[in-house]
Amino acid sequence: MFARTERLLLRPSWPEDAGELHQAIADEGIVRNLASAPWPYTAADAAQFAMQEHDRLYPAFLLMLRTHGAPHLIGSCGIGNYDGSAELGYWIARPYWGLGFATEAARAVVNIAKAIGHKKLIASHFTDNPASGNVLRKLGFQNTGETALRHSNGRREAMTSALYEKALDEADAEPRARLSSPVFSMREQMERLQAA
């Protein structure tokens, strides 16, 4: 599955993405705000992520900034399975912080979650990362008022996280991202979307 937003193309990872992925995420300032990414983030970790099997119910997308030339990888956004719940997660490479890309990408992934049948999404952020909470609130996630300890490999310790949730069966005024089924091979579909 692919999605296109105003500035981004969301697509699954491919093995040849490993080098660019490693370059984008191998930054302690990024990994310290993620619950499950390894630290230090090695080229082997990037290769493992890029070659992972794609799960239809829990998709992970690379965020490709659409340009007049080749797109640039600027982050990732997806849905993970966290203790049986569908959890929204995302990260953005440091040069692209504060430009609205996390909100733009996550909005598309929320719409994908609805399209594939999820009824609710959960999310969390470390309490010392309020920017992530701002993204979640812009997307209509509600703070549950609860916190939990989650381990961060980048911090090498468990930290307090604020917990959020969003029901997906309610009417939503957010515009849906354009979704494309892979009628062609993934590579052909990617080329068709970039040309559009």
Side-chain angles (χ1 to χ4, degrees), residues 1-15 17 20-21 24-25 30 33-37 49-66 71-93 96 99-125 132-142 163-196:
M1 185 180 294
F2 296 78
R4 188 172 55 193
T5 67
E6 181 180 347
R7 299 177 291 173
L8 300 172
L9 173 67
L10 284 68
R11 67 163 175 83
S13 59
W14 298 323
D17 294 318
E20 192 175 5
L21 173 62
I25 192 175
I30 295 169
N33 288 321
L34 303 177
S36 60
F49 181 89
M51 292 186 294
Q52 72 183 344
E53 191 158 325
H54 302 291
D55 187 327
R56 189 187 77 72
L57 289 178
Y58 298 99
F61 300 95
L62 294 182
L63 310 180
M64 308 302 288
L65 180 60
R66 293 166 46 205
H72 300 292
L73 191 155
I74 65 161
S76 181
C77 187
I79 305 166
N81 184 344
Y82 184 70
D83 290 340
S85 295
E87 180 180 44
L88 176 71
Y90 47 85
W91 63 267
I92 301 294
Y96 303 98
L99 300 174
F101 288 116
T103 303
E104 185 174 332
R107 181 172 287 124
V109 172
V110 167
N111 288 330
I112 289 168
K114 289 179 190 180
I116 60 179
H118 289 293
K119 301 298 182 199
K120 180 176 93 169
L121 287 176
I122 63 168
S124 66
H125 69 86
S132 193
N134 292 339
V135 169
L136 294 172
R137 286 186 293 278
K138 287 177 191 174
L139 296 169
F141 278 77
Q142 300 297 313
L163 306 181
Y164 290 75
E165 61 184 29
K166 178 177 176 66
L168 300 180
D169 54 358
E170 61 193 34
D172 195 343
E174 299 289 347
R176 288 192 174 261
R178 291 185 240 168
L179 304 179
S180 303
S181 299
V183 176
F184 304 97
S185 74
M186 289 177 79
R187 184 147 331 274
E188 290 169 330
Q189 186 73 1
M190 171 70 177
E191 290 168 357
R192 291 171 59 88
L193 287 171
Q194 285 178 352

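All values below come from the heavy atoms of this structure, side chains included, with hydrogens, waters and symmetry mates left out.
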Value rounded to 0.5 Å, distance of OH in Tyr164 from CD in Gln142: 9.5 Å
Flag side-chain contact, heavy atom, 4.5 Å: Leu62 against Leu10: no
Minimum heavy-atom distance between Leu139 and Ala106, given as atom pair plus value: CD1-CB, 3.3 Å
Note, Val109 side chain near Leu121 side chain (heavy atom, < 4.5 Å): no
Heavy-atom closest pair, residues Ala93 and Ala24: CB-O, 3.9 Å
Pairwise distance CD1(Ile25) to CG(Leu34) - rounded to 0.5 angstrom: 5.5 Å
Sequence-distant partners of Arg137, salt bridge (Lys or Arg N to Asp or Glu O under 4.0 Å), two or more places apart: none
Arg4 side, atom CZ; Leu9 side, atom CG - distance, nearest 0.5 Å: 8.0 Å
Over all atoms of both residues, closest heavy-atom pair of Asp17 and Pro12: OD2-O, 4.3 Å
Which residues share a side-chain hydrogen bond (donor to acceptor under 3.5 Å, both in side chains) with Glu20, sequence neighbours left out: none
side-chain hydrogen bond (donor to acceptor under 3.5 Å, both in side chains) against Thr103, all qualifying residues, sequence neighbours excluded: none
Heavy-atom side-chain proximity of Leu8 to Phe101 below 4.5 angstrom: yes
Tyr90 side chain reached by Val135 side chain, heavy atoms, under 4.5 Å: yes
Rounded distance (nearest 0.5 Å) linking atom CG of Leu99 with atom CD1 of Ile92: 9.5 Å
Reported NE2-to-CZ distance for the pair His125 and Phe141, which is rounded to 0.5 angstrom: 11.5 Å
Closest heavy-atom pair and its distance - Ala3, Ile112: CB-CD1, 3.9 Å
Lys120 and Leu168, any side-chain heavy atoms less than 4.5 Å apart: no
Within-4.5 Å side-chain heavy-atom neighbours: Ile116 and Pro59: yes
Donor-acceptor under 3.5 Å (Arg56 side chain, Met1 main chain): no
Side-chain donor or acceptor of Asn111 paired with backbone N/O of Ala108 under 3.5 Å: no
Distance-minimising heavy-atom pair for Ala123 and Leu136: CB-CD2, 3.6 Å
Summary of salt bridge (charged side-chain N to carboxylate O under 4.0 Å, His left out) pairs that have at least one residue in residues 73-87, sequence neighbours excluded: Glu87-Arg150
Residues forming a side-chain hydrogen bond (donor to acceptor under 3.5 Å, both in side chains) with His118, sequence neighbours excluded: none
Minimum side-chain heavy-atom gap His54-Ser13 below 4.5 Å: yes
Any donor-acceptor N/O pair, Glu104 side chain to Arg7 backbone, under 3.5 Å: yes
Reported NZ-to-CD1 distance for the pair Lys166 and Ile122, which is rounded to 0.5 angstrom: 15.0 Å
Contacts of Ser76 that satisfy side-chain hydrogen bond (donor to acceptor under 3.5 Å, both in side chains) - sequence neighbours left out: none
